[in-house]
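Here the structure comes first, spelled out in structure tokens, and everything after it is commentary.
Chain letters run A, B, ... following the sequence lines, proteins first and then strands; every chain starts at 1. These values consider heavy atoms only, across backbone and side chains, with no hydrogens, waters or symmetry-generated copies.
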2 protein chains.
Amino acid sequence: MDDEEASQRVLDAAEALFYERGLQSVGIDDIRSASGVSLKRLYRCFHSKQELVTAYLDRTDRRWRAALADYVRSAADHPRDAILAVFDWLGLWFAEPGFRGCAFINAHGELGEVSPAVAAATRRHKEALLAYLTQLAEQAVPGAGRALANQLLLVVEGSIVTAAVHGASGAASAGRAAAAALLDAAEMSRTARLHRD
Amino acid sequence: MDDEEASQRVLDAAEALFYERGLQSVGIDDIRSASGVSLKRLYRCFHSKQELVTAYLDRTDRRWRAALADYVRSAADHPRDAILAVFDWLGLWFAEPGFRGCAFINAHGELGEVSPAVAAATRRHKEALLAYLTQLAEQAVPGAGRALANQLLLVVEGSIVTAAVHGASGAASAGRAAAAALLDAAEMSRTARLHRD
DNA sequence: TTCCTAAGAGAACGGCCGTTCTCTAGGGTA
DNA sequence: TACCCTAGAGAACGGCCGTTCTCTTAGGAA
């Protein structure tokens with residue numbers, strides 16, 4: 001086993017444990033025994049727990065956003081459907097066993113004030129999500145994308161949090177319904193704007 | 001200083017520290033020195049850290065919901081305004097120095113899987129919030145309160161999370177705009193329903 | 001004043017955690 | 001075979017944390 005594979009194994013174990021139990025509740029030794037990588041090699045690949053946390057958050061960010069974009073791309077042809085497909089994907093995610101909300105919101109709530117690295121990773125993730133939603137919203141309602149995306153972001157975050165606390169039931173479909181209503185409102189105000197000018 | 005006053009001081013210190021830094025980052029000794037209450041008395045008033053965490057969450061729940069309801073009651077006369085006033089109050093809260101999101105979402109993200117007491121307190125708080133929103137929504141759009149409240153809850157949670165991560169800017173006003181659009185949609189579908197029947 | 005109670009201060013204890021160090025064993029090379 | 005390098009296992013270390021215990025001191029009752 002070379003360092004590359006060891007890093008992957010460590011990161012896989014860290015992801016599972018950090019996401020399930022939180023950052024501080026998981027010790028390096030838990031990750032060591034779950035990954036089967038020796039402590040010496042673990043510390044050669046990741047120089048500290050902090051570095052491992054950062055790597056966990058970064059990889060989760062990339063994978064999560066890629067999975068969302070892949071689903072939306074393959075599930076929707078029209079811009080409006082793309083936005084609704086976001087909530088379909090959320091529903092699938094919420095129903096996965098072991099779903100426990102947004103890794104970034106959880107990490108931020110736990111260590112956002114204590115660890116600047118965690119706060120920065122969370123901000124990056126949410127800004128990238130907002131940028132993606134803005135792109136979808138701008139395609140659906142040209143000229144109103146920014147404002148609509150800001151609202152959609154709230155609904156997405158709210159769905160995730162509510163699903164995490166209450167269980168999956170209904171959070172995704174309520175989010176989808178809300179998104180549809182917000183889309184309608186944005187489209188209506190756009191046509192009104194066009195008629196006025 | 002009697003036990004009653006000591007309990008209050010301890011709870012005040014615990015609230016400030018837990019909310020700012022999270023549950024696990026704050027030690028009993030931090031609370032002891034911040035409150036000026038001796039360790040012996042502290043453990044007489046609260047038999048463990050867990051009990052103190054629970055007391056902190058319970059008091060925060062009561063105070064937070066009372067502050068929201070008081071503001072809404074005094075700021076709005078009509079049901080629709082009451083719902084919008086929720087977001088005005090959120091905007092004031094977000095702007096407070098030291099705002100760091102929802103104490104329950106933070107606690108749940110940190111210890112929701114590890115501590116059943118934290119998970120239960122979070123669920124109670126969010127259910128009470130949903131009940132309150134349902135009551136407001138039912139007054140605003142009779143017959144559609146439940147569905148509207150589910151959507152409003154998502155927007156409220158999303159606003160809080162977004163304000164915590166991104167800073168206060170805009171989360172409350174975007175939430176207010178989204179709530180207005182959702183209210184409009186619910187009212188429109190209600191009048192359509194009335195006309196049809 | 002003398003005794004008793006209770007409270008405060010903080011030492012002590014057991015345990016865990018992140019990180020480093022040591023010791024041992026094994027595999028490649030001459 | 002003899003040597004060296006590396007990696008793994010896990011002990012060791014320093015530090016913190018929740019909780020309990022001890023010692024001292026002050027105040028009230030007789």
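Residue pairs meeting the ring-ring contact (aromatic ring centres under 6.0 Å, His included) criterion with at least one member in residues 119-157 of chain A, sequence neighbours excluded, are A/Trp64-A/His125, A/Phe104-A/His125. Applying the side chain to side chain donor-acceptor pair (under 3.5 Å) test to every pair with at least one member in residues 153-168 of chain A, sequence neighbours left out, gives these pairs: A/Lys126-A/Glu157.
A salt bridge does not link A/Arg123 to A/Glu127: none of the charged nitrogens lies less than 4.0 Å from a carboxylate oxygen.
Applying the ring-ring contact (aromatic ring centres under 6.0 Å, His included) criterion to A/Phe87, with sequence neighbours excluded, gives no partner residue. Take B/Glu51 and apply the side chain to side chain donor-acceptor pair (under 3.5 Å) test, not counting sequence neighbours, and it matches B/His47. Every residue meeting the salt bridge (charged side-chain N to carboxylate O under 4.0 Å, His left out) condition with B/Arg124, not counting sequence neighbours, appears here in chain and number order: B/Asp58. Checked against side-chain contact (heavy atoms from CB on, under 4.5 Å), B/Glu96 has the following partners two or more places apart in sequence or in another chain: B/Trp93. Checked against side-chain contact (heavy atoms from CB on, under 4.5 Å), B/Leu39 has the following partners two or more places apart in sequence or in another chain: B/Ile28, B/Arg32, B/Tyr43.
In this structure, A/His47 atom NE2 and C/dT19 atom P are separated by 12 Å, rounded to whole Å. If you measure from atom CD1 of B/Ile31 to atom C1' of D/dT19, you get 14 Å, rounded to the nearest angstrom. Atom CZ in A/Arg32 sits roughly 8 Å away from atom C1' in D/dG10 (whole-Å rounding). Counting to the nearest Å, the P atom of D/dT19 and the CZ atom of B/Phe46 are 13 Å from each other.
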Name every donor-acceptor pair, under 3.5 Å, that has one atom in a side chain of residues 176-188 of chain A and the other anywhere in the protein, sequence neighbours excluded.
residue, atom, partner, partner atom, Å
A/Arg176, NE, A/Asp88, OD1, 2.9
A/Asp184, OD1, A/Arg80, NH1, 3.0
A/Asp184, OD1, A/Arg80, NH2, 3.3

Contacts table for residues 138-156 of chain A: side-chain donor-acceptor under 3.5 angstrom, sequence neighbours left out:
residue, atom, partner, partner atom, Å
A/Glu138, OE1, A/Gly145, N, 3.1
A/Glu138, OE2, A/Gly143, N, 2.7
A/Asn150, ND2, A/Arg146, O, 3.4

List, with names and distances, any nitrogen or oxygen atoms from the protein found under 3.5 Å away from nitrogen or oxygen atoms belonging to nucleotides 13-16 of chain D.
none

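Contact check of residues 35-45 of chain A against DNA chain C (heavy atom, cut-off under 4.0 Å) returns A/Leu39, A/Tyr43. Across residues 3-30 of chain A, A/Val26, A/Gly27, A/Ile28 each have a non-hydrogen atom less than 4.0 Å from an atom of DNA chain C (numbered order).
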